[in-house]
Amino acid sequence: VCSSDLIALLRSLGASRAQLGGALLGEAAAIGILGGAGGAVLGWAAARGAVQSVRVTMASVTPTPMAGEIALEPRWLGLGIAVGLGASLIAALLPLREALSVPPIQGLRRERPESVVRREWPRQVGLASILGASAAGLAALPPVDGRPLFALASALLLLATLLVLAAPLVDLGSRLRLG
């Protein structure tokens, strides 16, 4: 993804916010599609390897045969691509918004207005609160057909909560004076 220096340079040369946004989101989409497809294929390969080792262990413990081979179905590949694309686009939104909010001259000087950092804190803490509460609600739901789908979604929301809080916590930590 482009650095803030490049964004500031392109803005100072006349690139519009829409042009930069489209280019950066297009790049994030390409990365998300490739990452999602790669993750689905690697997950399939890892699952096949895990089944082989579990099959050997199960054969020594119980005479009950395990299920057949693990197939890479197109729907799972599509889901992997969709998740990768969605995660990549969502991850690109906040940095893109921040990069476009810094005036080009300040961006070229690598200055960051204090108001940009402080202005985002309430939104980030509010979003983190919503994500955390949603995670707690999902964790309380029962499994679906014996699968912990809501627990997995809860874990993802907790991870998202930590990611949203990362910038305010780093900024807060940088303001603490030690000693």
Side-chain angles (χ1 to χ4, degrees), residues 1-4 7 21 24-54 57 66-67 70-102 112-178:
V1 178
C2 292
S3 71
S4 58
I7 291 172
L24 292 174
L25 290 176
E27 184 179 350
I31 291 169
I33 290 169
L34 290 174
V41 170
L42 289 174
W44 167 73
R48 284 185 56 151
V51 163
Q52 293 301 330
S53 66
V54 169
T57 303
M66 281 189 56
I70 294 179
L72 180 58
E73 297 176 18
R75 66 183 176 135
W76 294 115
L77 184 60
L79 180 62
I81 291 171
V83 168
L85 176 63
S88 183
L89 290 175
I90 289 170
L93 288 178
L94 285 176
L96 173 64
R97 188 171 145 214
E98 183 176 334
L100 294 177
S101 70
V102 175
R112 187 171 174 206
E114 198 66 30
S115 62
V116 172
V117 177
R118 295 279 168 112
R119 188 174 56 225
E120 295 297 323
W121 274 40
R123 289 183 191 149
Q124 289 171 322
V125 171
L127 179 58
S129 300
I130 292 169
L131 290 171
S134 299
L138 285 174
L141 294 175
V144 176
D145 294 329
R147 296 184 176 129
L149 299 178
F150 294 119
L152 292 172
S154 175
L156 288 174
L157 285 177
L158 285 176
L159 180 61
T161 303
L162 293 173
L163 291 173
V164 167
L165 287 177
L169 290 175
V170 167
D171 189 50
L172 181 65
S174 70
R175 295 175 190 283
L176 295 176
R177 295 183 187 216
L178 300 175

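What you are looking at is a predicted structure, and each value in this text was computed from that prediction instead of being measured.
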Shortest non-hydrogen contact between [X] and [Y], atoms and distance:
X	Y	answer
A40	W76	CB-O, 4.2 Å
G21	L96	CA-CD2, 3.9 Å
L25	A92	CD2-CB, 4.1 Å
L72	W44	N-NE1, 3.3 Å
T161	G132	OG1-N, 3.5 Å

Handout entry: Side-chain heavy-atom pair L156, L152 within 4.5 angstrom cut-off
Key =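 No; the side chains remain at least 4.5 Å from each other.
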Handout entry: side chain to side chain contact (heavy atoms under 4.5 Å, CB included) between L127 and Q124, worked out
Key = CA-CA 5 Å; L127 179 58; Q124 289 171 322; 5.8 Å; no
Fill in the blank from the handout: Which of L138, L141, L159 passes side-chain contact (heavy atoms from CB on, under 4.5 Å) with S154? It is L138
Problem - Distance (rounded to the nearest 0.5 Å) between L85 CG and L89 CG - result: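 Reported to 0.5 Å precision, the distance equals 4.5 Å.
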